[in-house]
Amino acid sequence: MDLSYGSNMEVFRAEVRHFLTKRWSPTRIAEDTASYVRAFRADATKAGYLYRGVPKVYGGSEQAPDMLKAQVIREEFSRARAPSEVPGNGTTMVIPTLLQHGTDWQKQFFLPPTVLGDFLWAQGYSEPNAGSDLASLRTKGELVGDHWVINGQKIWTSHAQNSHYMFALVRTEPERPKHSGISYLLIDLRQPSVAIRPLRQMTGRSEFCEVFLDDVHTPADWIVGERGQGWSISRTTLKHERSTIGGSERNDETFLKLVSLARRRSRFGQPAIHDREIRQKLVDLESWILAQKASSYRRMSLALDERDEGLVGLVNKQLTTEIAQRVAAIAQELIGDSALIDPMAAKGAKRGDEKWLDQIMGSLAVAIAGGASNIQRNIIGERGLGLPRDLTLERDE
Amino acid sequence: MHFDYSEEHELLRDATRGAIQRINPLGLLHKGALANPAERRQLWRAMAQQGWTAMLLGEDVGGAGGSIVDAMVVAEELGATAFPLSFLSCNVAALTIAAFGSQRQQSLLPQLAEGTSIAVRGLSETSGGWEPARLQLTLSRAAAGSWTLKGMARLVPDADIADFVLIAAQGEHGPRQILVPMMASGISLRRADAMDQSRFLFDVAFDSVGLSESDFLGDTSAIATELDVASVLLAADSVGIARQLLEMTVQYTKERVAFGRSIASFQAIKHRAADMLVQVEASRVATWKAAIALRDRLPDAVAAASIAKFFATSAAAEVAGQALQLHGGIGFTWEHDLHYFLKRAKTNEVLNGPNAWHRERLARWLDI
């Protein structure tokens with residue numbers, strides 16, 4: 001049993017650090033952040049640190065898969081606060097999907113701009129009547145001549161208002177049963193028949209949208225995989241989504257911010273950090289953070305051994321939710337009266353401790369987004385522990 | 001990077017399980033067979049035969065030559081079967097003697113390995129904490145080269161069959177560790193009315209027990225190391241308990257029929273079982289991490305050990321509560337085995353320093 005990465009990796013780590021010291025100087029980016037970041041990403045890709053799984057012909061660095069190297073890169077980039085791949089669905093979902101299932105022209109057309117961040121993607125999965133029960137989705141797609149004609153509505157589509165394209169699950173085979181009637185289509189959002197309406201969240205922000213599709217056209221060959229295969233194709237990507245939401249990267253930072261907050265604020269006439277109850281809650285939180293970190297290592301170790309990860313990924317997502325809720329509970333205790341202030345009222349640096357309300361309210365969403373906790377619990381219970389499935393009126397094919 | 005059982009660990013785990021099955025500890029507890037000290041001494045020999053009494057001792061003294069990780073593997077299996085003799089206590093005692101004992105004390109080691117001599121370590125102080133300044137046992141100088149020991153060591157496992165007990169006492173210049181021979185005059189024992197029916201715990205009173213220099217070994221630093229080793233083994237015990245409770249719950253809820261179906265098919269049951277699994281797996285990896293940190297002397301070993309202790313023991317107590325809920329009325333009966341595990345889980349929360357103390361220890365380590 002061993003947690004070390006090995007001496008080869010420590011040599012590699014030094015190389016990565018050296019690269020970052022030379023090429024990432026945030027103090028110099030006052031003039032044009034966007035182009036500095038773009039140039040840095042290009043450098044980092046050329047050096048083999050980013051887009052390692054993407055062939056060079058599509059703009060990636062085409063490196064032999066190496067989980068430990070990838071982990072070291074993640075750690076070092078995070079430590080240096082350097083940007084890694086373009087954040088969002090393009091990197092986490094579209095790229096792996098097209099690499100696995102896309103046709104050559106689809107890869108040639110979509111991958112390079114996605115790698116560069118010039119194409120931004122929205123995920124068109126959930127619908128008002130299809131969230132946890134996604135396979136019951138109703139958005140229809142009909143092949144008319146050389147185009148798909150799509151009608152329906154998507155919801156909770158994060159950042160659709162800023163996206164160029166959407167990858168969507170669409171029902172194209174009405175006579176086939178539930179899961180096998182769905183296809184995976186790519187849609188250009190910049191057409192009049194697409195109406196994007198940002199939805200206002202509890203926090204006051206509008207990060208996700210409704211997307212209305214009213215006789216939207218997309219070329220016939222913008223389908224990924226075969227007709228009716230959309231569900232299994234999307235399973236690959238949803239697996240990726242669950243793993244990224246379950247990640248343990250930002251927790252340490254959050255913990256330190258919470259400690260800072262506790263030092264600043266008072267409780268019963270002394271700095272909250274000296275309050276026994278707060279201290280116990282903080283260390284309890286830290287223990288969950290470290291347990292999740294350990295569980296992430298376990299997951300990595302299983303992947304390195306090419307063994308089935310079983311439930312570890314699902315367990316990790318539950319741990320992430322647990323952590324978010326504990327952070328919220330402590331923050332709520334610490335911010336006192338600031339909890340009465342609208343976190344959207346002031347902007348940027350003028351915001352006081354009410355900015356913690358974003359996290360506090362957001363923690364309520366973590367248990368819903370990317371696979372609702374109770375659905376996850378069902379999966380853990382049924383697939384993990386072998387407990388009998390729910391009774392249902394439908395037959396799943 | 002291999003954060004999982006090695007093949008050797010899997011073999012060790014399987015061999016341990018097989019040996020425990022043959023011993024059938026719960027069967028022995030049911031029969032009340034172990035109330036008799038002679039029976040427990042015999043069981044102790046069986047333990048020794050498996051190498052369990054000297055896992056951390058070198059092969060040169062008859063030990064298994066194992067690491068804390070190996071001991072952890074065994075500890076989990078013993079927790080999962082509510083094993084009545086204290087693996088933790090004797091291994092910590094043996095380790096301490098090997099590391100800090102005089103030559104004369106170290107000559108005991110082969111006998112500890114064979115199980116012909118028994119040394120146990122007390123895991124609780126009456127003050128409820130482990131601050132050296134608050135040790136309840138006191139030493140005072142009698143004449144040159146001799147001391148007297150006064151006070152009570154509480155909840156010492158298997159003290160009635162032990163030949164030696166390792167305790168910490170407040171000396172004139174700070175805490176000292178002492179390997180007290182149980183034959184010394186002034187020692188009296190009383191079986192503690194412990195809630196935990198799976199263990200044999202004793203309050204040991206020292207009424208001006210005479211000691212000489214040759215009885216001493218180790219000091220504060222030794223105490224801290226033992227604390228960490230004990231924390232990891234106790235955490236592993238709790239992981240085993242939690243794992244077993246989950247398994248019992250899954251089996252029971254699958255079999256139990258209500259409202260025309262197996263109650264395991266109800267979502268409330270499935271969700272609670274899923275939460276229990278998360279607790280088991282989280283405390284498992286926290287314990288693994290602590291064992292590695294201690295074995296490899298990583299800089300965060302102290303923190304990892306305390307985390308494993310409070311995290312795994314709280315988790316097991318929570319899992320026990322859930323298991324009871326899911327078993328319903330039958331789980332609350334004496335006849336059902338669940339209570340052995342639940343009580344053991346709750347006791348683990350308090351042994352080796354209460355969880356609040358371990359949390360505070362972590363807080364200081366984190367510098368908050």
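Per chain, numbering begins at 1; letters A, B, ... match sequence-line order.
Contact of L3(A) with chain B is made through backbone and side chain together, with heavy-atom distances under 4.5 Å. Only the side chain of Q279(B) comes within contact range of chain A, with heavy atoms under 4.5 Å apart. With a 4.5 angstrom heavy-atom cutoff, E286(A) touches chain B only via side-chain atoms. Only the side chain of D305(A) comes within contact range of chain B, judged by heavy atoms closer than 4.5 Å. D70(B) does not touch chain A: none of its heavy atoms, backbone or side chain, sits under 4.5 Å away. Interface residue L385(A): backbone and side-chain heavy atoms are both found under 4.5 Å from chain B. For Q318(A), the part lying under 4.5 angstrom from a heavy atom of chain B is the side chain only. Heavy atoms closer than 4.5 Å to chain A are found in both the backbone and the side chain of Y5(B). Contacts of M300(A) with chain B are made by side-chain atoms alone, with heavy-atom separations under 4.5 Å and no backbone atom involved. A356(B) touches chain A through backbone and side chain together, each having a heavy atom under 4.5 Å away.
Put simply, of V69(B), L246(B), D4(B), the one with the most heavy-atom pairs under 4.5 Å next to chain A is D4(B). Of the listed residues (V283(A), L282(A), V315(A)), the greatest number of heavy-atom pairs within a distance under 4.5 Å of chain B belongs to V283(A). Heavy-atom pairs under 4.5 Å with chain B were tallied for G386(A), S4(A), P388(A); the largest tally goes to P388(A). Between chain B and the options A291(A), S301(A), G381(A), heavy-atom pairs under 4.5 Å are most frequent for S301(A). Per-residue heavy-atom pair counts under 4.5 Å with chain A were compared for L298(B), I292(B), I307(B), and the maximum is reached by I292(B). Of all the listed residues (Q267(B), R284(B), E281(B)), the one sharing the greatest number of non-hydrogen pairs under 4.5 Å with chain A is Q267(B). Chain A forms more heavy-atom pairs under 4.5 Å with one residue of R261(B), H271(B), E360(B), K289(B) than with any other, namely H271(B). For chain A, the option among E8(B), K254(B), M276(B) with the highest count of heavy-atom pairs below 4.5 Å is K254(B). With chain B as the partner, the residue from R279(A), R307(A), H274(A), R263(A) showing the most heavy-atom pairs under 4.5 Å is R279(A).
Aromatic ring centres of W357(B) and F310(B): separated by at least 6.0 Å.
For S262(B) (side chain) and T253(B) (main-chain N/O), a donor-acceptor pair under 3.5 Å exists by modelled atom type.
The two residues A130(A) and D133(A) make their nearest non-hydrogen contact at CB-O, 3.7 Å.
Because its NZ or CZ atom is both nearer than 6.0 Å to the ring centre of F12(A) and within 45° of the ring axis, K69(A) counts as a cation-pi partner of that residue.
A 6.0 Å sphere centred on CD of Q270(A) holds more than 12 heavy atoms belonging to other residues, nucleotides or ligands. Within 6.0 Å of CZ on R13(A) lie more than 12 heavy atoms contributed by other residues, nucleotides or ligands. Surrounding CZ of R298(A) are more than 12 heavy atoms belonging to other residues, nucleotides or ligands, all under 6.0 Å away.
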Assess the residue pair D228(B) and R361(B) against the criterion (salt bridge (Lys or Arg N to Asp or Glu O under 4.0 Å)); give the C-alpha distance rounded to whole Å, side-chain angles, the decisive distance to 0.1 Å, and a yes or no. CA-CA 12 Å; D228(B) 293 336; R361(B) 192 182 188 226; 2.9 Å; yes
Begin from the C-alpha positions of M1(A) and H9(B) and carry the test side-chain contact (heavy atoms from CB on, under 4.5 Å) through to its verdict. CA-CA 9 Å; M1(A) 203 181 272; H9(B) 289 140; 4.3 Å; yes
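The OG atom of S283(B) lies 10.5 Å from the CD1 atom of I241(B); values are rounded to the nearest 0.5 Å.
Y297(A) and F3(B) have perpendicular rings, their planes meeting at more than 60° on a 0 to 90° scale where under 30° would count as parallel. Between H336(B) and Y252(B), the angle of the ring planes goes over 60°, which puts this pair in the perpendicular group of the 30/60° scheme.
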